[in-house]
Amino acid sequence: MKVFLNGSLVDKNQAKISVFDHGFLYGDGVFEGIRAYGSLVFKLKEHIDRLYESAQSISMKIPISKKDMAKAIVKTLKINKLKDGYIRVIVSRGEGDLGLDPRKCKGNETIVVITDKISLYPKELYDKGMDIITVPTVRNIPEALNPQIKSLNYLNNILAKIEAVNSGYQEALMLDHLGYVAECTGDNIFIVKNGEIYTPPQCMGILRCITRDAVLDISKKLKISAHEHVLTRHELFISQECFLTGTAAEIVPVIKVDGRIVGDGNPGKLTKIIMKEFKKLTKVDGVKYTL
Ligand SMILES: *Cc1c(COP(=O)(O)O)cnc(C)c1O
């Protein structure tokens with residue numbers, strides 16, 4: 001496997017970065033998770049735009065243009081002969097000293113692109129649905145570390161994941177500091193009630209998510225009313241369907257929330273329709289490349 005590292009394609013075992021890299025020392029950097037389906041990089045422009053926005057927000061200059069970033073991604077997919085795969089783009093502040101000051105790292109930004117195959121959850125979860133649990137760790141508050149920044153500092157989500165796993169669950173539901181539903185550890189949440197779709201609004205401190213937007217577009221196309229609305233756990237408990245979305249997870253049905261059975265305990269009808277439409281979208285919407 002080859003990895004793109006600061007302009008070169010190097011063998012995975014040769015892809016080394018400094019222990020003084022502030023991405024390693026402090027989680028100082030930003031990233032993207034992208035997918036390719038059948039030689040199409042899904043929503044590449046949206047992912048690259050978000051990467052540069054995250055960097056802008058933390059005052060970090062990505063030393064290559066968006067166009068060259070897109071080329072680097074495609075080049076890495078091609079050299080690894082991947083038609084279908086997951087792409088991780090990481091831009092860290094780079095090598096500095098042991099102090100926090102990012103000015104010491106100026107001009108050293110590290111760019112890494114890794115492509116590989118992953119599926120986040122076992123296949124049967126997609127057929128049978130997932131059981132999730134609310135965890136005590138609340139999602140970062142926007143005034144402290146805005147979740148709109150897709151940052152390398154992922155401990156907030158990792159703590160939530162640990163709490164879910166310690167309780168015997170695969171996935172954690174995170175609330176915001178006010179107690180409203182925020183998202184899962186790397187996925188957004190949707191519910192269905194009386195044939196309409198609801199998901200928490202973006203302004204409540206969740207990332208502008210690309211799979212979430214794709215699901216909202218699909219609902220519009222299918223003429224299903226979709227609302228961005230503040231949700232409490234109660235709304236989840238009385239929902240008829242529930243599902244999670246994210247680039248790595250894709251779309252996962254949820255059948256139980258905190259021990260309450262959602263709908264009839266099986267993946268919902270609309271959920272399955274949206275999963276099918278999403279699959280169709282991934283076959284047509286993307287930047288094409290040839291191996
Ligand atoms: C990346 C990410 C998601 C999913 O966003 P997509 O754009 O759909 O991949 C959801 N939540 C968090 C915390 C994330 O980092």
Side-chain angles (χ1 to χ4, degrees), residues 23 27 29-37 41-55 57-58 73 85-92 114-116 118-121 130 132 134-135 137-142 144-164 170-177 180-190 197 199-219 226 228 231 242-252 254 274-275 277-279 281-282 285-286:
V30 296
F31 79 99
E32 273 302 319
I34 312 172
R35 265 188 194 272
Y37 296 92
V41 189
F42 186 60
K43 304 271 184 197
L44 181 59
K45 180 180 184 302
E46 286 80 353
H47 282 286
I48 290 181
D49 284 347
R50 188 172 67 184
L51 179 73
Y52 282 72
E53 283 173 11
S54 294
S57 186
I58 67 163
I73 291 166
Y86 179 80
I87 303 142
R88 174 59 59 91
V89 183
I90 302 131
V91 187
S92 82
I114 306 166
T115 56
D116 205 356
I118 64 153
S119 72
L120 200 60
Y121 306 115
M130 187 158 57
I132 61 174
T134 307
V135 295
T137 297
V138 300
R139 192 75 180 96
N140 280 335
I141 64 168
L145 175 53
N146 198 322
Q148 303 255 21
I149 303 165
K150 206 169 168 79
S151 101
L152 294 183
N153 200 313
Y154 226 60
L155 269 179
N156 181 224
N157 314 58
I158 290 167
L159 289 174
K161 189 71 155 190
I162 289 169
E163 287 161 352
Q170 295 246 14
E171 193 47 86
L173 175 66
M174 300 180 80
L175 307 179
D176 65 19
H177 63 296
Y180 295 112
V181 172
E183 59 175 330
C184 290
T185 59
D187 319 320
N188 294 104
I189 191 157
F190 284 76
I197 291 177
T199 192
Q202 212 175 344
C203 59
M204 296 301 286
I206 57 165
L207 187 72
R208 186 175 53 83
C209 289
I210 291 161
T211 319
R212 176 181 176 276
D213 283 351
V215 166
L216 292 173
D217 288 344
I218 288 169
S219 333
E228 296 183 66
L231 298 174
C242 180
F243 60 90
L244 310 180
T245 69
T247 296
E250 303 178 287
I251 302 178
V252 199
V254 171
I274 288 169
M275 286 169 83
E277 284 295 317
F278 180 74
K279 197 165 234 174
L281 191 65
T282 61
D285 189 328

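Indexing begins at 1, ligand by ligand and atom by atom, following the structure's order. Hydrogens, waters and symmetry mates play no part in the numbers below; they use all other heavy atoms, side chains included.
Contact atoms of ligand 1 toward T247: 6 (P), 8 (O), 9 (O) (distance under 4.0 Å to a heavy atom of the residue). The distance from ligand 1 to the heavy atoms of Y154 drops below 4.0 Å at these ligand atoms: 12 (C), 13 (C), 14 (C), 15 (O).
Here CZ of F42 is found 9.5 Å from CD of E250. Values are rounded to the nearest 0.5 Å. Going from atom CD of E32 over to atom CG of L51 covers 5.5 Å, rounded to the nearest 0.5 Å. The line from CG of L281 to CD1 of I274 is 12.0 Å long, rounded to the nearest 0.5 Å. How far CD1 of I87 is from CZ of F31: 14.0 Å, rounded to the nearest 0.5 Å.
Considering only non-hydrogen atoms, atom 12 (C) of ligand 1 lies nearest to E183 out of M174, Q148, E183. Nearest-heavy-atom check against atom 10 (C) of ligand 1 across G186, A249, G246 picks out G186.
Of the N or O atoms in N188, none lie within a sub-3.5 Å distance of an N or O in ligand 1. Taking distance alone, with nitrogen or oxygen atoms compared against 3.5 Å, H47 stays at or beyond that limit from ligand 1. Remark: ligand 1 and R212 share no N or O pair separated by less than 3.5 Å (distance only, no angle test). In terms of polar-atom proximity, defined here as any N/O pair under 3.5 Å, C209 makes no such contact with ligand 1. Note: an N/O pair closer than 3.5 Å links T211 and ligand 1 by distance alone.
No donor-acceptor pair under 3.5 Å is formed between the side chain of E171 and the backbone N or O of A164.
Side chains of Q148 and S57: no donor on one and acceptor on the other come within 3.5 Å.
For E32, the closest heavy-atom approach to ligand 1 does not fall below 4.0 Å. Ligand 1 lies less than 4.0 angstrom from a heavy atom belonging to N157. Heavy atoms of R139 approach ligand 1 to within less than 4.0 angstrom.
Ring orientation note: the planes of F243 and F190 are close to parallel, at an angle under 30° on the 30°/60° scale.
The side-chain heavy atoms of N157 and R139, taken from C-beta on, include a pair separated by under 4.5 Å.
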